[in-house]
Number of protein chains: 2
Amino acid sequence: MFSKACEYGIKACIFIAEQSVNNRRVSLKEVASSIDSPEAYTSKILQHLCQNNIVRSDKGPLGGFSIPAPILSHLRLSNIVYLIDGDDIYKGCGLGLKRCNEKLPCPVHNKFKVIRSELKEMLESTTILSLVDKLHNGLTFLKR
Amino acid sequence: MFSKACEYGIKACIFIAEQSVNNRRVSLKEVASSIDSPEAYTSKILQHLCQNNIVRSDKGPLGGFSIPAPILSHLRLSNIVYLIDGDDIYKGCGLGLKRCNEKLPCPVHNKFKVIRSELKEMLESTTILSLVDKLHNGLTFLKR
DNA sequence: ATAATAATGGATATTTTTGTCTTTTTTTTA
DNA sequence: TAAAAAAAAGACAAAAATATCCATTATTAT
Ligand code: FES
Ligand code: FES
């Protein structure tokens, strides 16, 4: 469904967000070990998220990653997925035609567009904060 | 959503099925050009489908690919997707945890499982024959 | 039997995705 | 001001997915 990079990106954001809620910055090491991802690869993904103002980073001792409250209050799954995996999952044809097109639809178009728009709706309506809550209460997990 | 191989596999099956309904066998060349896919790669995918009795092949002049009526009458999208892409789309965790697990769910589990089961339901309920009909009536397309 | 046709099978190549390693830059504390 | 800590950046490596090539096998028609 999502690329590995995107999966790591989502998990990293949820973890960093949880810590940010408690005013803690986290290092790359902490992120990678908390979400069970390869450190250097995770670093690239975090860089990408930082360059696009989804995550904030501070260098030096006491530095680390965080998500500022004003960003966190708006951040949704869709922002992360769109940044990392692009809009294929929203707009792409299920059978890989150049463009999904009502006028020249592929055979699965009508069935596929329903699923696709439900996925879109789900990603756009799910806030990272809502996921943080459940994680914080020990109801969900980022590893295993 | 699906791999390229799976997209080609689905399109190939729909095209071959359409021809089989009219008692025509089709060559690899015809398949590849009709669905706009790389010939040799498509060959591998068709081999895979043949080995698993989803498509039939006959060698020699007059040979080619076909889908026998008894198979076509049962064939659904899910059969093709499951064969080529496996069950990740049905059972896999949206965040890539080892196994999707009600007891140890990831943060997106509850939202994700809804989409996933709708996709599953759609794939399992959609017959290739129903897609052939629309293609045949010029309502849908396999290229562009 | 022979030639022609069409799929098969195996090896190889390319591209994309995923993952690693090393050096540089920035910031903080001593 | 020097040392340590942490991310940034760039080059490189490995693995997986996608794609191509060529020789072989099976079938049909002549
Ligand atoms: S044209 Fe294929 S999904 Fe719309
Ligand atoms: S545990 Fe992640 S989708 Fe079920």
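Side-chain atoms are counted along with the backbone in the values below, which use heavy atoms only and exclude waters and symmetry mates. Bear in mind the structure is a predicted one, so any value in this text is a computation, not a measurement. Here is how names work: the chains are called A, B, and so on, in the same order as the sequence lines, proteins then strands, and each is numbered from 1.
By the neighbour-count criterion of 12 heavy atoms within 6.0 Å, atom NZ of Lys120(A) is sparsely surrounded, having that number or fewer from other residues, nucleotides or ligands. Other residues, nucleotides and ligands contribute more than 12 heavy atoms inside 6.0 Å of the NZ atom of Lys113(A). Atom OH of Tyr82(B) sits in a sparse spot, with 12 or fewer heavy atoms from other residues, nucleotides or ligands closer than 6.0 Å. In Lys29(B), the NZ atom is not crowded: 12 or fewer heavy atoms of neighbouring residues, nucleotides or ligands sit closer than 6.0 Å.
Atom CD1 of Ile45(A) is separated from atom P of dA7(D) by 15 Å (rounded to the nearest Å). For Glu39(A) and dA9(D), the CD to P distance is 18 Å, given to the nearest whole Å. Taking atom CD on Glu30(B) and atom P on dA6(C), their separation rounds to 9 Å, with Å as the unit. In this entry the distance linking OH of Tyr41(A) with C1' of dT16(C) reads 10 Å, nearest Å. Rounded to an integer number of Å, the gap from His48(B) NE2 to dT8(C) C1' is 15 Å. Rounded to whole Å, the distance from CZ on Arg56(B) to C1' on dA7(C) is 13 Å. In this structure, Lys44(A) places its NZ atom 11 Å from C1' of dC12(D), rounding to the nearest Å. Atom CD of Gln51(B) and atom C1' of dA7(C) are 12 Å apart (whole Å).
Taking the six-membered ring for Trp and thresholds of 30 and 60 degrees, Tyr41(A) and Tyr8(A) have ring planes more than 60 degrees apart, a perpendicular arrangement.
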Open item on the list: Using the rule given for side chain to side chain donor-acceptor pair (under 3.5 Å), can you reason through Ser66(B) versus Ser20(B), listing the C-alpha separation, both sets of side-chain angles and the distance that settles it, and then say yes or no?
Closed with: CA-CA 6 Å; Ser66(B) 59; Ser20(B) 287; 4.7 Å; no
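Distance alone, capped at 3.5 Å, places no donor-acceptor pair between the Thr126(B) side chain and the Leu123(B) backbone. Judged purely by atom type and a 3.5 angstrom limit, Glu30(A) uses its side chain to pair as donor or acceptor with the backbone of Ser27(A). The backbone N or O of Val81(B) sits nowhere less than 3.5 Å from a side-chain atom of Asp85(B) that would complete a donor-acceptor pair. Side chain of His48(B) to backbone of Lys44(B): no donor-acceptor contact under 3.5 angstrom is found.
Rounded to 10°, the angle separating the first-five-pair axis and the last-five-pair axis of the helix from dA1(C)-dT30(D) to dA30(C)-dT1(D) equals 0°.
Distances shown here put every side-chain N or O of Ser27(B) at or beyond 4.0 Å from the OP1 or OP2 atom of dT5(C). Tyr8(B) has a side-chain polar atom (N or O) that falls below the 4.0 Å cut-off from OP1 or OP2 of dA19(D). Phosphate proximity of dT8(C) to Ser43(B): absent, as no side-chain N or O sits under 4.0 Å from OP1 or OP2.
Contacts of Val31(B) with the nucleic acid, taken as non-hydrogen atoms under 4.0 Å apart, are absent. Counting any heavy atom pair closer than 4.0 Å across all strands shown, Val55(B) reaches no nucleic acid atom.
Residue Gln47(A) has its side chain nearest to dA8(D) when only dA8(D), dT8(C), dT18(C) are considered. Of the candidates dA8(D), dT8(C), dT20(D), the closest approach to any side-chain atom of Ala40(B) belongs to dT20(D).
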- [ ] Treat primed atoms plus P, OP1 and OP2 as sugar-phosphate and everything else as base, then score nucleotides 23-30 of chain D 5' to 3': B for base contact with protein heavy atoms under 4.0 Å, S for sugar-phosphate contact only, - for none.
- [x] --BBBBS-
